[in-house]
Amino acid sequence: MTEPAENYTPVDLQLRHRVQAIRVWAITTTIVFIWALMIVVPAILAANGHQGFASPLYAFFSAICHQIDDRTFHFDGHPFAVCSRCFGVYFGLLVGLLIYPLWRKIDDIEPLPRKWLILSIVPMGIDWSLTIFDIWENTFTTRFITGLILGVACATYIIPALVEIFRNFTFLRRSKG
């Protein structure tokens, strides 16, 4: 069945959108990789006697995580800059970004239904609730895995949103110029 011409996107515009989406994905993945690396680096620096370099990173991350020692992964006796659940979220975000192009078109800006994002929070809520009500004590593994689930899910919402934002800015810039 044929459609009106205004329903078709020119091939060159499709290509520009795809290239732009790949750039957005690559830049976002690089930023999240650096962020995840900054979580591990203070422990490595401290383990090698460079506490002066590690301290500012610990201080920076203390604004976004409680950094409770009992709930934090360690490297050679030195804690990561965030707890195991936060590390799971950030590492999950990185994993989600890395695998995103393998299961979804990178230039598709249609988001998944929000129920999947909400469902990704449920395991974390259960893990937290069971601990609060003294039913069981969560562990590094449960905290990390529940954070990982949320992080991977977040990636599937962040990429389409960023691609659409940059696509809209490009459109506005071209229409003004």
Side-chain angles (χ1 to χ4, degrees), residues 1-42 44 56-57 60-67 73 80-128 141-177:
M1 182 184 279
T2 61
E3 293 187 43
E6 56 270 359
N7 289 353
Y8 291 99
T9 306
V11 174
D12 66 322
L13 183 59
Q14 289 176 0
L15 181 61
R16 280 198 314 259
H17 282 170
R18 180 153 179 74
V19 168
Q20 182 185 48
I22 291 169
R23 280 190 195 127
V24 167
W25 170 80
I27 291 167
T28 303
T29 303
T30 301
I31 290 168
V32 172
F33 173 76
I34 291 167
W35 183 267
L37 191 62
M38 285 176 41
I39 292 169
V40 178
V41 164
I44 295 169
L57 290 170
F60 172 77
F61 282 104
S62 72
I64 57 174
C65 180
H66 57 71
Q67 297 178 325
F73 288 122
F80 285 9
V82 297
C83 70
S84 57
R85 182 167 286 136
C86 289
F87 183 66
V89 171
Y90 298 129
F91 186 73
L93 184 58
L94 178 61
V95 168
L97 290 170
L98 290 170
I99 65 172
Y100 186 87
L102 300 176
W103 73 276
R104 190 150 190 231
K105 285 178 58 175
I106 199 125
D107 56 344
D108 185 4
I109 60 171
E110 190 63 36
L112 296 174
R114 277 181 258 169
K115 70 179 178 183
W116 297 113
L117 184 59
I118 293 166
L119 284 173
S120 71
I121 298 170
V122 170
M124 189 180 297
I126 291 170
D127 186 49
W128 179 82
T141 305
T142 61
R143 285 187 222 109
F144 178 75
I145 289 172
T146 57
L148 189 75
I149 293 167
L150 178 60
V152 169
C154 286
T156 64
Y157 292 89
I158 290 171
I159 290 299
L162 288 174
V163 167
E164 184 175 18
I165 289 167
F166 279 91
R167 189 175 292 173
N168 289 336
F169 278 132
T170 302
F171 175 77
L172 288 174
R173 194 174 57 219
R174 287 181 191 213
S175 65
K176 287 181 182 180

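Excluded from the calculations below are hydrogen atoms, water molecules and symmetry mates; all remaining heavy atoms, backbone and side chain alike, are included.
Of all non-hydrogen atoms in L57 and P42, the two that sit nearest each other are CB-CG, 3.5 Å. Annotation for S84 and F73: closest pair CB-CE1, 3.5 Å, computed over non-hydrogen atoms. In this structure, Y100 and P160 approach most closely via the heavy-atom pair OH-CG, 3.3 Å. The two atoms that bring M38 and F61 nearest to each other are O-CE1, 3.6 Å, heavy atoms only. Minimum interatomic distance between C86 and C65 (heavy atoms only, all atoms of both residues): SG-SG, 3.7 Å.
Residues passing the ring pair (Phe, Tyr, Trp, His ring centres under 6.0 Å) test with F60 are W35, sequence neighbours excluded. Listed by chain and number, the residues in a side-chain contact (heavy atoms from CB on, under 4.5 Å) with V40 are I44, F80, F87 (sequence neighbours excluded). Residues passing the side-chain contact (heavy atoms from CB on, under 4.5 Å) test with I22, sequence neighbours excluded: R18, I106.
Taken to the nearest 0.5 Å, the CD1 atom of I39 stands 10.0 Å off from the CG atom of L94. Put simply, CD on Q20 and CG on L162 are 11.0 Å apart, with the number rounded to the nearest 0.5 Å. I165 CD1 to I158 CD1: the interatomic distance, rounded to the nearest 0.5 Å, is 10.5 Å.
Applying side chain to side chain contact (heavy atoms under 4.5 Å, CB included) to F91 and the options V89, V95, L93 leaves one that passes, V95.
Under the salt bridge (charged side-chain N to carboxylate O under 4.0 Å, His left out) criterion, no residue pair touches residues 150-164, with sequence neighbours excluded. Every pair tested for side chain to side chain donor-acceptor pair (under 3.5 Å) that includes a residue from residues 89-99 fails, sequence neighbours excluded, so the list is empty.
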Side-chain donor-acceptor contacts of residues 143-151 below 3.5 Å, not counting sequence neighbours, with atom names and distances?
from: R143; atom 1: NE; to: N138; atom 2: OD1; distance (Å): 2.9
from: R143; atom 1: NH2; to: N138; atom 2: O; distance (Å): 3.2
from: R143; atom 1: NH2; to: N138; atom 2: OD1; distance (Å): 2.9
from: T146; atom 1: OG1; to: R85; atom 2: NE; distance (Å): 3.4
from: T146; atom 1: OG1; to: T142; atom 2: O; distance (Å): 2.9
from: T146; atom 1: OG1; to: R143; atom 2: O; distance (Å): 3.1

Residues 114-124, side-chain donor-acceptor partners within the protein, below 3.5 Å, at least two apart:
from: S120; atom 1: OG; to: L117; atom 2: O; distance (Å): 2.6

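Counting heavy-atom neighbours within 6.0 Å of F33 CZ, excluding the residue itself, gives a total of 12 or less.
The closest side-chain heavy-atom distance from Q67 to C83 is not below 4.5 Å.
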Derivation of the side-chain contact (heavy atoms from CB on, under 4.5 Å) call for R167 and V24: CA-CA 10 Å; R167 189 175 292 173; V24 167; over 6 Å; no
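Using modelled atom types, no side-chain atom of T29 and backbone atom of A26 make a donor-acceptor pair closer than 3.5 Å. For the pair W25 (side chain) and L97 (backbone), a donor-acceptor distance under 3.5 Å is present.
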